[in-house]
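Report on the structure given below.
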Amino acid sequence: MYYVARVDEEKCATYKCKQCTLFCPEANTLMFDEERNTAYVNEPRCKGCALCVYVCSDLLKRDCIEMVMVTAEE
Amino acid sequence: MGLRYVQPAPGFKEYLPKDYVDLIDFGPFGKEVDVQHLGDFKEILEEHPMCAGCWMAYFVRVFYASLPNPEDTIVLGTAGCARLALSQAAVPFIYGNYGDTNAVASGLTRALKIRFPDKTKDVVVVAGDGGLMDIGFSMTMHSWFRKEKFTTIMVDNEVYGNTGGQESGMSPKGVQLKMAPKGKKFEKIPATELAKQAGCVYVVKLSPTSVKRTAKVIRRAILAARHFGPTFIHAYTSCNIEYSIPTEEVLKDAREREKKDFGFEEYMTDEVREFFEEIEKKKEVKK
(Lines give C-alpha, C1' and ligand atoms only; values in the text may rest on other atoms or scores of the structure.)
Protein backbone atom coordinates (compact mmCIF):
# COMPACT_ATOMS: atom_id res chain seq x y z
CA MET A 1 0.00 0.00 0.00
CA TYR A 2 1.36 3.34 -1.02
CA TYR A 3 0.04 6.88 -0.84
CA VAL A 4 0.84 8.80 -4.02
CA ALA A 5 -0.27 11.87 -5.93
CA ARG A 6 -2.27 11.40 -9.10
CA VAL A 7 -2.99 14.10 -11.67
CA ASP A 8 -6.37 14.42 -13.35
CA GLU A 9 -4.72 14.87 -16.72
CA GLU A 10 -7.81 15.96 -18.60
CA LYS A 11 -8.46 18.72 -16.10
CA CYS A 12 -4.79 19.69 -15.83
CA ALA A 13 -4.52 20.05 -19.62
CA THR A 14 -7.08 22.85 -19.56
CA TYR A 15 -4.62 25.08 -17.70
CA LYS A 16 -1.17 26.25 -18.68
CA CYS A 17 0.33 26.67 -15.25
CA LYS A 18 3.09 24.11 -14.59
CA GLN A 19 3.40 25.33 -11.01
CA CYS A 20 3.21 22.01 -9.17
CA THR A 21 6.33 20.72 -10.93
CA LEU A 22 8.29 23.64 -9.47
CA PHE A 23 7.46 22.76 -5.88
CA CYS A 24 7.81 18.97 -5.67
CA PRO A 25 10.67 18.17 -3.25
CA GLU A 26 11.62 15.08 -5.25
CA ALA A 27 13.60 15.20 -8.49
CA ASN A 28 12.25 13.58 -11.67
CA THR A 29 8.94 12.77 -9.97
CA LEU A 30 6.27 15.30 -10.83
CA MET A 31 6.95 15.81 -14.52
CA PHE A 32 5.36 17.79 -17.31
CA ASP A 33 4.38 16.42 -20.72
CA GLU A 34 4.67 19.24 -23.25
CA GLU A 35 2.75 17.38 -25.97
CA ARG A 36 -0.29 16.60 -23.85
CA ASN A 37 0.11 19.84 -21.85
CA THR A 38 -0.33 18.09 -18.53
CA ALA A 39 1.62 17.26 -15.41
CA TYR A 40 1.99 13.59 -14.51
CA VAL A 41 3.44 11.68 -11.58
CA ASN A 42 6.19 9.12 -11.75
CA GLU A 43 4.41 7.09 -9.07
CA PRO A 44 7.22 4.77 -7.90
CA ARG A 45 9.20 7.89 -6.94
CA CYS A 46 6.37 9.76 -5.20
CA LYS A 47 6.72 9.86 -1.40
CA GLY A 48 3.17 11.07 -0.84
CA CYS A 49 3.84 14.41 0.86
CA ALA A 50 0.88 16.09 -0.90
CA LEU A 51 2.74 19.36 -1.34
CA CYS A 52 1.60 19.42 -4.98
CA VAL A 53 -2.00 19.16 -3.77
CA TYR A 54 -1.42 22.22 -1.60
CA VAL A 55 -0.04 24.14 -4.60
CA CYS A 56 -2.79 23.03 -6.99
CA SER A 57 -5.80 23.14 -4.68
CA ASP A 58 -5.02 25.60 -1.87
CA LEU A 59 -2.93 28.16 -3.74
CA LEU A 60 -4.27 27.93 -7.30
CA LYS A 61 -7.79 26.56 -6.60
CA ARG A 62 -7.57 24.19 -9.54
CA ASP A 63 -8.01 20.81 -7.83
CA CYS A 64 -6.25 18.76 -10.49
CA ILE A 65 -4.24 16.54 -8.13
CA GLU A 66 -5.47 14.10 -5.53
CA MET A 67 -3.78 11.64 -3.21
CA VAL A 68 -4.62 8.00 -3.83
CA MET A 69 -3.74 4.65 -2.28
CA VAL A 70 -2.02 2.26 -4.64
CA THR A 71 -0.75 -1.26 -4.18
CA ALA A 72 2.33 -2.83 -5.68
CA GLU A 73 0.19 -4.72 -8.23
CA GLU A 74 -1.52 -1.63 -9.53
CA MET B 1 34.70 16.02 -14.04
CA GLY B 2 34.32 18.02 -17.27
CA LEU B 3 31.93 17.56 -20.17
CA ARG B 4 34.33 15.23 -22.00
CA TYR B 5 34.08 12.72 -19.17
CA VAL B 6 30.30 12.89 -18.98
CA GLN B 7 29.72 11.99 -22.63
CA PRO B 8 29.99 8.23 -23.29
CA ALA B 9 32.19 6.90 -26.09
CA PRO B 10 30.33 6.05 -29.33
CA GLY B 11 29.00 2.50 -29.29
CA PHE B 12 29.12 2.31 -25.54
CA LYS B 13 25.91 4.23 -24.90
CA GLU B 14 23.59 1.27 -25.47
CA TYR B 15 25.19 -0.62 -22.57
CA LEU B 16 24.81 2.18 -20.05
CA PRO B 17 21.95 2.35 -17.49
CA LYS B 18 18.84 4.14 -18.70
CA ASP B 19 19.13 6.83 -16.05
CA TYR B 20 22.60 7.74 -17.29
CA VAL B 21 21.58 7.80 -20.93
CA ASP B 22 18.57 9.96 -20.08
CA LEU B 23 20.92 12.31 -18.27
CA ILE B 24 23.06 12.68 -21.39
CA ASP B 25 20.10 13.07 -23.75
CA PHE B 26 17.71 15.10 -21.63
CA GLY B 27 19.84 16.44 -18.78
CA PRO B 28 21.53 19.79 -18.18
CA PHE B 29 25.11 18.88 -19.08
CA GLY B 30 26.68 21.13 -21.66
CA LYS B 31 23.56 23.18 -22.29
CA GLU B 32 21.54 25.90 -20.71
CA VAL B 33 18.45 24.85 -18.79
CA ASP B 34 15.92 27.22 -17.30
CA VAL B 35 15.04 26.28 -13.74
CA GLN B 36 11.48 27.40 -14.48
CA HIS B 37 11.26 24.34 -16.71
CA LEU B 38 11.80 21.91 -13.85
CA GLY B 39 9.81 18.81 -14.70
CA ASP B 40 10.59 19.12 -18.43
CA PHE B 41 14.16 17.85 -18.31
CA LYS B 42 16.05 15.06 -16.61
CA GLU B 43 17.50 16.40 -13.37
CA ILE B 44 20.97 15.49 -12.16
CA LEU B 45 19.59 14.69 -8.73
CA GLU B 46 18.35 11.14 -8.33
CA GLU B 47 16.19 9.30 -5.80
CA HIS B 48 17.36 9.80 -2.23
CA PRO B 49 16.28 8.80 1.28
CA MET B 50 15.30 12.23 2.66
CA CYS B 51 11.89 12.47 4.35
CA ALA B 52 8.65 12.99 2.43
CA GLY B 53 7.87 16.67 2.00
CA CYS B 54 11.29 17.81 3.21
CA TRP B 55 11.92 21.44 2.36
CA MET B 56 15.65 20.84 2.46
CA ALA B 57 15.26 18.13 -0.17
CA TYR B 58 13.35 20.69 -2.23
CA PHE B 59 16.17 23.22 -1.84
CA VAL B 60 18.75 20.61 -2.87
CA ARG B 61 16.65 19.87 -5.96
CA VAL B 62 16.53 23.55 -6.94
CA PHE B 63 20.23 23.93 -6.10
CA TYR B 64 21.28 21.19 -8.51
CA ALA B 65 19.01 22.53 -11.23
CA SER B 66 20.53 26.01 -10.80
CA LEU B 67 24.21 25.17 -11.16
CA PRO B 68 25.68 27.30 -13.93
CA ASN B 69 28.20 24.64 -14.87
CA PRO B 70 27.19 21.25 -13.40
CA GLU B 71 29.79 19.25 -15.33
CA ASP B 72 32.59 21.28 -13.71
CA THR B 73 31.22 21.60 -10.20
CA ILE B 74 32.25 19.82 -7.02
CA VAL B 75 29.90 19.80 -4.05
CA LEU B 76 31.01 19.34 -0.46
CA GLY B 77 28.79 18.36 2.41
CA THR B 78 29.03 17.04 5.89
CA ALA B 79 27.07 14.96 8.36
CA GLY B 80 23.46 16.09 8.41
CA CYS B 81 20.30 15.66 6.41
CA ALA B 82 21.34 17.44 3.21
CA ARG B 83 24.15 15.03 2.40
CA LEU B 84 21.59 12.24 1.95
CA ALA B 85 20.40 13.93 -1.24
CA LEU B 86 23.55 15.84 -2.16
CA SER B 87 25.42 12.58 -2.60
CA GLN B 88 22.78 11.16 -4.99
CA ALA B 89 23.49 13.44 -7.92
CA ALA B 90 25.60 13.26 -11.06
CA VAL B 91 28.07 15.77 -9.62
CA PRO B 92 31.19 14.80 -7.64
CA PHE B 93 30.45 14.99 -3.93
CA ILE B 94 32.95 15.11 -1.09
CA TYR B 95 31.82 14.15 2.37
CA GLY B 96 33.86 16.07 4.94
CA ASN B 97 34.28 15.18 8.55
CA TYR B 98 31.80 17.09 10.66
CA GLY B 99 32.72 20.74 10.57
CA ASP B 100 35.69 20.73 8.22
CA THR B 101 33.86 21.28 4.92
CA ASN B 102 35.13 24.83 4.43
CA ALA B 103 38.70 23.81 5.21
CA VAL B 104 38.49 20.96 2.70
CA ALA B 105 36.87 23.29 0.16
CA SER B 106 39.70 25.82 0.64
CA GLY B 107 42.34 23.26 -0.23
CA LEU B 108 40.28 21.86 -3.08
CA THR B 109 39.70 25.27 -4.65
CA ARG B 110 43.41 26.04 -4.56
CA ALA B 111 44.33 22.60 -5.91
CA LEU B 112 41.89 22.93 -8.80
CA LYS B 113 43.39 26.33 -9.69
CA ILE B 114 46.82 24.71 -9.94
CA ARG B 115 45.69 21.54 -11.71
CA PHE B 116 43.28 23.23 -14.16
CA PRO B 117 44.56 26.80 -14.57
CA ASP B 118 42.65 27.36 -17.82
CA LYS B 119 39.32 25.93 -16.72
CA THR B 120 36.53 27.17 -14.51
CA LYS B 121 35.82 24.77 -11.67
CA ASP B 122 33.15 25.63 -9.13
CA VAL B 123 33.38 24.46 -5.54
CA VAL B 124 30.22 24.69 -3.46
CA VAL B 125 29.76 23.76 0.18
CA VAL B 126 26.21 22.81 1.13
CA ALA B 127 25.92 22.01 4.81
CA GLY B 128 23.52 22.51 7.66
CA ASP B 129 23.39 24.90 10.56
CA GLY B 130 25.26 22.40 12.73
CA GLY B 131 28.00 21.80 10.18
CA LEU B 132 28.65 25.46 9.44
CA MET B 133 27.60 27.57 12.41
CA ASP B 134 28.06 25.23 15.39
CA ILE B 135 30.61 22.48 15.01
CA GLY B 136 32.22 23.89 11.87
CA PHE B 137 32.08 27.50 12.98
CA SER B 138 35.81 28.17 13.23
CA MET B 139 36.66 26.60 9.88
CA THR B 140 33.78 28.38 8.18
CA MET B 141 34.84 31.75 9.59
CA HIS B 142 38.50 31.25 8.80
CA SER B 143 37.78 30.32 5.19
CA TRP B 144 35.95 33.66 4.91
CA PHE B 145 38.75 35.58 6.63
CA ARG B 146 41.19 34.06 4.13
CA LYS B 147 38.90 35.17 1.26
CA GLU B 148 38.76 31.70 -0.21
CA LYS B 149 36.95 31.77 -3.54
CA PHE B 150 34.09 29.32 -3.17
CA THR B 151 30.41 29.37 -2.26
CA THR B 152 29.04 28.32 1.11
CA ILE B 153 25.34 27.50 1.36
CA MET B 154 23.79 26.92 4.75
CA VAL B 155 20.60 24.87 4.66
CA ASP B 156 19.18 25.95 7.99
CA ASN B 157 16.62 23.57 9.47
CA GLU B 158 17.12 25.07 12.94
CA VAL B 159 17.73 21.72 14.63
CA TYR B 160 19.94 18.63 14.66
CA GLY B 161 17.38 16.64 12.70
CA ASN B 162 19.45 13.50 12.19
CA THR B 163 20.17 12.81 15.83
CA GLY B 164 16.81 13.28 17.52
CA GLY B 165 16.21 17.00 17.75
CA GLN B 166 18.91 18.76 19.76
CA GLU B 167 18.91 22.56 19.60
CA SER B 168 21.45 24.21 17.37
CA GLY B 169 22.87 27.71 17.42
CA MET B 170 20.41 28.52 14.66
CA SER B 171 17.28 27.35 16.53
CA PRO B 172 15.03 30.31 17.29
CA LYS B 173 14.90 31.66 20.85
CA GLY B 174 12.30 29.99 23.04
CA VAL B 175 11.70 26.98 20.80
CA GLN B 176 11.17 23.64 22.55
CA LEU B 177 12.60 20.59 20.87
CA LYS B 178 12.57 16.89 21.71
CA MET B 179 16.10 16.99 23.12
CA ALA B 180 15.85 20.60 24.36
CA PRO B 181 12.66 20.53 26.45
CA LYS B 182 13.40 23.68 28.47
CA GLY B 183 13.34 25.86 25.42
CA LYS B 184 16.25 27.62 23.80
CA LYS B 185 17.56 30.54 25.82
CA PHE B 186 19.50 32.42 23.14
CA GLU B 187 18.77 34.13 19.84
CA LYS B 188 19.67 32.63 16.47
CA ILE B 189 23.28 33.23 15.47
CA PRO B 190 23.31 36.20 13.04
CA ALA B 191 25.00 34.18 10.31
CA THR B 192 24.62 36.67 7.46
CA GLU B 193 25.98 39.53 9.58
CA LEU B 194 28.99 37.42 10.51
CA ALA B 195 29.53 36.60 6.83
CA LYS B 196 29.52 40.27 5.87
CA GLN B 197 31.95 41.16 8.66
CA ALA B 198 34.21 38.24 7.78
CA GLY B 199 34.62 39.41 4.20
CA CYS B 200 32.06 37.57 2.08
CA VAL B 201 31.49 39.51 -1.13
CA TYR B 202 27.96 38.26 -1.72
CA VAL B 203 25.60 37.33 1.11
CA VAL B 204 21.96 36.31 0.87
CA LYS B 205 19.34 35.27 3.36
CA LEU B 206 16.21 33.72 1.92
CA SER B 207 13.32 31.37 2.35
CA PRO B 208 13.10 29.38 -0.89
CA THR B 209 9.53 30.15 -1.89
CA SER B 210 10.30 31.35 -5.41
CA VAL B 211 12.19 28.97 -7.65
CA LYS B 212 13.26 31.74 -10.00
CA ARG B 213 14.72 33.93 -7.27
CA THR B 214 16.39 31.00 -5.51
CA ALA B 215 18.04 29.89 -8.74
CA LYS B 216 19.20 33.42 -9.52
CA VAL B 217 20.77 33.78 -6.09
CA ILE B 218 22.59 30.44 -6.36
CA ARG B 219 23.97 31.33 -9.78
CA ARG B 220 25.04 34.76 -8.63
CA ALA B 221 26.79 33.33 -5.56
CA ILE B 222 28.73 30.85 -7.69
CA LEU B 223 29.68 33.42 -10.33
CA ALA B 224 30.80 35.96 -7.72
CA ALA B 225 32.89 33.31 -5.95
CA ARG B 226 34.76 32.56 -9.19
CA HIS B 227 36.17 36.07 -9.40
CA PHE B 228 35.97 37.97 -6.14
CA GLY B 229 35.92 35.94 -2.94
CA PRO B 230 33.76 33.94 -0.56
CA THR B 231 29.99 34.00 -0.98
CA PHE B 232 27.33 32.84 1.44
CA ILE B 233 23.67 31.88 1.20
CA HIS B 234 21.57 31.31 4.30
CA ALA B 235 18.46 29.37 3.27
CA TYR B 236 15.55 28.44 5.50
CA THR B 237 14.83 24.75 4.95
CA SER B 238 12.45 23.61 7.67
CA CYS B 239 12.53 20.23 9.38
CA ASN B 240 8.94 19.05 9.13
CA ILE B 241 9.65 16.12 11.45
CA GLU B 242 11.23 17.92 14.42
CA TYR B 243 9.01 21.00 14.06
CA SER B 244 5.87 18.92 13.45
CA ILE B 245 4.88 20.64 10.20
CA PRO B 246 2.38 18.61 8.13
CA THR B 247 4.15 17.69 4.88
CA GLU B 248 1.61 19.43 2.66
CA GLU B 249 2.13 22.66 4.62
CA VAL B 250 5.91 23.06 4.39
CA LEU B 251 5.54 25.63 1.61
CA LYS B 252 2.95 27.50 3.66
CA ASP B 253 5.37 27.47 6.60
CA ALA B 254 8.21 28.74 4.39
CA ARG B 255 6.00 31.60 3.20
CA GLU B 256 5.01 32.49 6.75
CA ARG B 257 8.61 32.47 7.92
CA GLU B 258 9.51 34.63 4.95
CA LYS B 259 7.07 37.26 6.18
CA LYS B 260 8.25 36.90 9.78
CA ASP B 261 12.00 36.55 10.10
CA PHE B 262 13.32 35.15 6.82
CA GLY B 263 12.62 38.08 4.51
CA PHE B 264 14.83 38.23 1.43
CA GLU B 265 18.11 40.07 2.07
CA GLU B 266 20.85 40.44 -0.50
CA TYR B 267 24.21 42.07 0.13
CA MET B 268 27.03 42.49 -2.33
CA THR B 269 30.15 44.59 -2.60
CA ASP B 270 30.30 47.38 -5.18
CA GLU B 271 32.61 45.47 -7.50
CA VAL B 272 30.29 42.45 -7.43
CA ARG B 273 27.31 44.68 -8.20
CA GLU B 274 29.13 46.14 -11.20
CA PHE B 275 30.06 42.64 -12.34
CA PHE B 276 26.44 41.43 -12.23
CA GLU B 277 25.15 44.53 -13.96
CA GLU B 278 27.64 44.01 -16.73
CA ILE B 279 27.08 40.31 -17.31
CA GLU B 280 23.33 40.39 -16.82
CA LYS B 281 23.12 43.23 -19.29
CA LYS B 282 25.00 41.15 -21.82
CA LYS B 283 22.93 38.08 -20.90
CA GLU B 284 26.11 36.14 -20.49
CA VAL B 285 24.89 34.39 -17.37
CA LYS B 286 24.73 30.74 -18.27
CA LYS B 287 21.41 29.49 -16.99
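Because the structure is a prediction, the values reported are computed rather than measured. A note on names: the letters A, B, ... follow the listed sequences, proteins ahead of strands, and every chain is numbered from 1.
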Requested in this report: Check whether B:Val250 gets within reach of chain A through its side chain, its backbone, both or neither, counting any heavy atom under 4.5 Å.
Outcome: both
Report task. Pick one of side chain, backbone, both or neither for B:Lys252, based on which atoms fall under 4.5 Å of a heavy atom in chain A. Result -> both
Determine the minimum heavy-atom distance between [X] and [Y], stating which atoms define it.
X       : Y        : answer
A:Asn28 : B:Phe41  : OD1-O, 3.9 Å
A:Arg45 : B:Lys42  : NH2-NZ, 4.3 Å
A:Cys49 : B:Thr247 : O-OG1, 2.7 Å
B:Gly53 : A:Pro25  : CA-CG, 4.0 Å
A:Ala27 : B:Glu43  : CB-OE1, 3.4 Å

Quick one: pull up [atom1] in [X] and [atom2] in [Y] and give me the separation to the nearest 0.5 Å.
X        : Y       : atom1 : atom2 : answer
A:Leu22  : B:Gln36 : CG    : CD    : 6.0 Å
A:Leu51  : B:Trp55 : CG    : CH2   : 5.5 Å
B:Glu248 : A:Asp58 : CD    : CG    : 8.5 Å
B:Glu47  : A:Thr29 : CD    : OG1   : 7.0 Å
B:Leu38  : A:Gln19 : CG    : CD    : 11.0 Å

Report summary line: Applying a strict 4.5 Å limit to non-hydrogen atoms, the region of A:Glu26 in contact with chain B is both
Query - A:Cys24, part contacting chain B, at a heavy-atom distance under 4.5 Å - result: both
Requested in this report: Can you establish whether the number of heavy atoms outside B:Phe264 located under 6.0 Å from its atom CZ is more than 12?
Outcome: yes
Requested in this report: Please say whether more than 12 non-hydrogen atoms of neighbouring residues, nucleotides or ligands are located less than 6.0 Å from CD in A:Glu34.
Outcome: yes
Query raised in the report: Do A:Lys47 side-chain atoms and B:Cys54 backbone N/O form a donor-acceptor pair below 3.5 Å?
Result: no
Report task. Would you mind telling me which of B:Asp22, B:Asp40, B:Val62, B:Val211 has the largest number of heavy-atom pairs within less than 4.5 Å of chain A? Result -> B:Asp40
